[in-house]
Amino acid sequence: MICKPDAVERGLVGEILRRFEQKGLKLVAAELRHLDTELLSRHYAEHVGKPFYNELVAFMSRSPAMTMVLEGPDDTFAIVRSLMGLTNPAVSPPGTIRGDLGTVMTENLVHGSDSNESAEREIGIFFPELAAE
Ligand code: CMP
């Protein structure tokens, strides 16, 4: 998962990680880093060319993001996404990260892999040393 630049700028990384840890997931890797356009085009390959893509890349590259790997039971990606809430914070239910802490797209605080396959692919992009294990 990624705490996006808005989450880092607003000092919400601790609050977000607290929710995942209290749920029972384990932090196994983390790095605060500036995501550049090339890296983002690989990460967001399925969004390249969409109307919101340029705005998304400008947002995701404007300041550092906190990239993390969380470990848990089978289908941990689904647990992460349920805690995150819906893509649009404006309609994400209270109790979720986006519902409690966000208001508008594109600044929706967090990214979570949407399948086990995506998680494997994204760990390969952000933490190649873990993917090689
Ligand atoms: P996420 O689901 O993590 O990955 C794609 C991101 O693009 C999404 O979060 C939002 O931050 C951003 N985005 C902006 N507009 C849209 C849109 N109309 N549909 C989907 N994602 C959008």
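Residues take their numbers from the sequence shown, with the count starting at 1. Owing to the predicted nature of the structure, the values given are computational and were not obtained by experimental measurement.
The OG1 atom of T67 sits 11.5 Å away from atom CD1 of I125, with the distance rounded to the nearest 0.5 Å. With values rounded to the nearest 0.5 angstrom, I16 atom CD1 is found 5.5 Å from L109 atom CG. Between E31 atom CD and I2 atom CD1 the span is 11.5 Å, to the nearest 0.5 Å. Rounding to the nearest 0.5 Å gives a distance of 11.0 Å between CE of M105 and OG of S92.
Within the 4.5 Å cutoff, side-chain heavy atoms of F59 are placed close to those of D6. Contact of the V13 side chain with the M68 side chain is registered, since non-hydrogen atoms from C-beta on lie closer than 4.5 Å. Residues I123 and S118 form no side-chain contact, since every pair of their non-hydrogen atoms from C-beta on lies 4.5 Å or further apart. When side chains are defined from C-beta on, M60 does not count as touching T106, because their heavy atoms never get closer than 4.5 Å. In this structure the side chain of M1 never reaches within 4.5 angstrom of the side chain of S113, judged on heavy atoms. Looking only at side-chain heavy atoms (C-beta outward), L35 and F126 come within less than 4.5 Å of each other. When side chains are defined from C-beta on, V28 does not count as touching L70, because their heavy atoms never get closer than 4.5 Å. Side chains of Y44 and V48 form no contact here, defined as non-hydrogen atoms less than 4.5 Å apart.
Hydrophobic clustering (ILVMFWY, side-chain heavy atoms < 4.5 Å, transitive): L12 and F20 are in one cluster. By the criterion of side-chain heavy atoms lying less than 4.5 angstrom apart, applied directly or through intervening Ile, Leu, Val, Met, Phe, Trp or Tyr residues, L32 is grouped together with L27 in one hydrophobic cluster. I79 is connected to V110 through a chain of hydrophobic side-chain contacts under 4.5 Å among Ile, Leu, Val, Met, Phe, Trp and Tyr, so both are in one cluster. Side-chain heavy atoms closer than 4.5 Å link hydrophobic residues (I, L, V, M, F, W, Y) into clusters, and following such links, possibly through other members, connects V8 to I97.
Hydrophobic side-chain contacts under 4.5 Å tie L86 into a cluster, directly or through other members, with V91.
The backbone N or O of P89 sits nowhere less than 3.5 Å from a side-chain atom of N108 that would complete a donor-acceptor pair.
Pairs passing the salt bridge (charged side-chain N to carboxylate O under 4.0 Å, His left out) check and including a residue from residues 50-76, sequence neighbours excluded, read E9-R62, R62-E107.
Of all heavy-atom pairs spanning D114 and F77, the tightest one is O-CE1, 3.3 Å. The shortest heavy-atom contact between R121 and H43 is NH2-O, 3.0 Å. Contact detail for L130 and A29: the closest heavy-atom pair is CD1-CB, 3.7 Å.
No option in K23, Q22, R98 other than K23 meets the side-chain contact (heavy atoms from CB on, under 4.5 Å) test with L83. Here the options are L40, L56, L39, the test is side-chain contact (heavy atoms from CB on, under 4.5 Å), and the partner is S61; only L40 passes.
R19 pairs by the salt bridge (Lys or Arg N to Asp or Glu O under 4.0 Å) definition with E15, D100, not counting sequence neighbours.
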